[in-house]
Amino acid sequence: MSPVNEPLTERIKGELITRLEAATNAVADRLGLAAEARPQVFLEIPKDRKFGDYACNAAMLLARSARQNPRAVAASLLEALDLSGTQVDRAEIAGPGFINLYLKPTWVYEALREVLKADAEYGRSRAGAGQRVQVEFVSANPTGPLVVVNARAAALGDALAACFKWSGYDAQREYYVDNMGTQVDTLGKSFELRLRELLGETVEFPEGCYPGDYVVDLAKRFLEERGEEEARRLLGVPSELARQRQFAAYGVERVVTWHRNQLDRYGVHFDEWFSQKSLAESGAVDRAMATLRKHGHVYEQDGAVWFRTTTFGDDKDRVVIRSNGEPTYFALDIAYHLNKFERGFQKVIDLWGPDHASHVTRMMAMTQALGYPAGSLEILIVQWVRLLSGGQLVKMSKRAGDFVTMEELIDEVGKDAARFFFLMRAAESHLDFDLDLAKLKTADNPVFYVQYAHARISSLLRQAAQEGFAPRELPVEALACLTDPSEQELIRKLAQLPEEIAGAAAAREPHRLTRYAIDLATLFHKFYDSCRVLGAEPELRDARLVLVQATRIALRNVLGLLGVSAPERM
RNA sequence: GCGCCUGUAGCUCAGGGGAUAGAGCAGCUGCCUUCUAAGCAGCUGGCCGCAGGUUCGAUUCCUGCCAGGCGCGCCA
């Protein structure tokens with residue numbers, strides 16, 4: 001990865017925070033405040049421009065600790081504040097005790113120049129300092145089609161990993177292939193029964209087997225590839241389990257490939273497809289159990305081995321080795337996460353469905369028991385999706401076999417709309433997905449609203465090129481004619497992209513970026529409406545072309561990060 | 001019963017210890033001789049679930065309650 005310069009906004013903010021910390025400490029000394037009573041200094045961008053470019057509430061926090069009048073504390077803080085050599089034009093006390101900082105008007109033009117200079121890299125920052133992070137997501141059972149929740153998790157996990165990468169983390173996308181256990185055996189059994197049906201046998205298809213058509217397709221394909229003779233030979237294997245597992249092995253591989261193709265089509269690509277089976281076969285479970293035992297966290301009871309998770313706040317202990325000697329899913333998960341930590345990830349993030357939410361406590365117990373710092377593992381719960389069509393709930397019942405698959409969703413609304421819609425909501429929010437709205441190719445659809453801004457820009461720049469004009473790097477003085485409020489607002493928004501991305505990574509909230517994209521599109525449309533580019537005076541025209549180009553860069557980069565295309569024409 | 005998630009405009013959802021609570025849709029009203037009207041401007045619409053507590057300040061944090069969702073297996 002090419003070295004990324006620290007973005008201008010981060011440099012300005014960092015410098016101001018340093019100055020404010022010094023002043024805060026000086027005031028805190030005078031007030032006799034202990035180190036713990038001193039507030040963390042941070043800057044926020046006020047909602048209203050009249051409150052400056054940055055606002056700081058440190059004085060109000062100091063006032064609380066010292067039980068003093070906030071505005072008076074703000075006055076002493078301002079007095080102690082050395083702003084020489086910074087970008088600050090003036091600082092004011094306002095409202096209940098905010099310190100509002102107003103930057104020199106030229107800073108926005110420098111910010112604008114940076115966008116063009118960084119181009120495809122614009123938005124990157126170094127906040128993560130190369131820390132190794134792993135995001136594991138989707139990890140669906142390879143026993144059936146990917147469904148709508150998987151699509152939501154895929155959009156979220158992929159965008160989150162992208163946020164990390166853009167913020168200077170070394171991020172890896174991982175998919176855990178659950179290719180063993182009872183569900184896989186069930187697939188093998190269902191497969192075998194369908195195969196027998198295809199060969200003319202009359203079979204009873206029991207409850208608990210997978211009824212979906214995809215199992216029939218698997219069996220058909222197996223017959224085509226391996227031939228009837230081979231099929232009959234395998235069906236003749238006497239041991240039921242051994243028989244099923246041959247088919248399961250074939251089926252799982254097919255289904256995993258199918259999933260991978262679906263995800264490729266959705267634009268989600270994993271760095272690692274980690275096989276549960278190979279983990280188990282490597283002896284990792286035994287090693288993990290030995291580690292737990294060494295630290296005295298396990299005991300035997302009723303012929304099973306238990307992990308004393310209650311030590312770490314769980315409401316009951318959990319079985320890790322069943323009385324039949326087989327490890328539980330939890331034991332495999334312990335081995336798997338130990339393996340993740342051993343691979344050197346400082347931060348491991350799992351995206352899970354709400355059906356596993358209750359397992360979070362035991363996973364945290366595991367992290368502690370294995371001696372890894374709290375926070376090494378984070379589990380984000382991705383809530384269910386309800387589909388609405390014509391104002392009605394679309395029924396999704398796995399038993400009835402009528403669940404809506406990820407494939408059907410993408411066919412229905414397209415990859416861009418699906419990903420954008422999923423990313424408009426926080427992961428933990430229960431989501432109603434309006435299929436009708438997502439399908440609309442009109443203004444009502446926020447995806448198209450944002451994409452339209454990009455297409456509009458592309459069209460404008462094409463027109464400009466025809467007339468012989470193109471955006472080119474201009475000095476600050478040449479950009480200083482961009483004084484219209486719509487231009488100012490747009491530039492400020494552009495300048496915020498790196499910190500928006502870093503903030504989304506830090507909070508694990510990629511959905512902030514769809515909001516950003518919508519806001520950016522809005523500001524561009526307003527600018528477009530109030531300022532003409534072509535036909536303006538040459539100097540103004542050239543400066544505006546820079547602004548248009550910068551907007552295009554920011555839109556393209558943020559949409560790319562979200563996995564949504566940025567069309568040139570619509 | 002216990003645990004987790006959610007409760008903000010008619011609908012779907014953002015936001016968040018502070019300065020007038022936001023967006024989209026839905027409903028009304030304007031704006032295309034000119035770079036894409038898939039756009040812009042304006043209006044209407046809110047006991048931020050309820051009740052306490054902490055605080056100079058709570059819609060935001062804490063507790064209780066109510067409502068909805070999801071879990072609670074030596075399945076995954």
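Letters go in sequence order (proteins before strands), and every chain restarts at 1. Values in this document were obtained by computation on a predicted structure and should not be read as measured data.
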Pi stacking test for A:F51 and B:A19: under 5.5 Å apart, planes under 30°: yes
Evaluate whether the aromatic ring of A:F98 and the six-membered ring of the B:A19 base sit under 5.5 Å apart, centre to centre, with an inclination under 30°. yes
What does [X] touch in the nucleic acid at a heavy-atom separation under 4.0 angstrom: a base, only the sugar-phosphate, or nothing?
| X | answer |
| --- | --- |
| A:N141 | sugar-phosphate |
| A:E44 | nothing |
| A:R569 | base |
| A:P70 | nothing |
| A:A464 | nothing |
| A:D302 | base |
| A:A94 | base |
| A:S459 | base |
| A:D48 | base |
| A:L431 | sugar-phosphate |
| A:Y528 | base |

For [X] and [N], is the shortest distance between a side-chain N/O and OP1 or OP2 below 4.0 Å?
| X | N | value |
| --- | --- | --- |
| A:K47 | B:A21 | no |
| A:R512 | B:C13 | no |
| A:S429 | B:A14 | yes |
| A:H511 | B:G15 | yes |
| A:S358 | B:G71 | no |

Please state how far atom [atom1] in [X] lies from atom [atom2] in [N], giving the value in whole angstrom units.
| X | N | atom1 | atom2 | result |
| --- | --- | --- | --- | --- |
| A:F421 | B:A23 | CZ | C1' | 13 Å |
| A:N57 | B:G17 | CG | P | 10 Å |
| A:L523 | B:G39 | CG | C1' | 14 Å |
| A:Y176 | B:A76 | OH | C1' | 10 Å |

For a quick check, tell me whether the side chain of [X] and the base of [N] share a donor-acceptor pair closer than 3.5 Å.
| X | N | answer |
| --- | --- | --- |
| A:H525 | B:C40 | no |
| A:N100 | B:A19 | yes |
| A:R64 | B:G57 | yes |

Suppose you measure atom P in B:G15 against the same atom in B:G49; what distance do you get, rounded to whole Å? 15 Å
Could you measure between the two C1' atoms, the one in B:A9 and the one in B:G22, and give it in whole Å? 10 Å
Any idea how [X] and [Y] line up, ring-wise: parallel (<30°), tilted (30 to 60°), or perpendicular (>60°)?
| X | Y | result |
| --- | --- | --- |
| A:H259 | A:Y175 | tilted |
| A:F274 | A:Y176 | tilted |
| A:Y528 | A:F524 | tilted |
| A:F421 | A:F433 | tilted |

A:Y452 ring center near A:H525 ring center (under 6.0 Å): yes
Side chain of [X], heavy atoms from C-beta onward: which of [options] has the nearest atom to it?
| X | options | result |
| --- | --- | --- |
| A:V319 | B:A23, B:C35, B:C74 | B:C74 |
| A:R532 | B:U34, B:C74, B:G71 | B:U34 |
| A:A55 | B:G69, B:A14, B:A19 | B:A19 |

Could you tell me if the side chain of A:D350 sits less than 4.5 Å from the side chain of A:Y336, heavy atoms only? no
Please classify B:C32 as syn or anti, treating any glycosidic angle within 90° of 0 as syn. syn
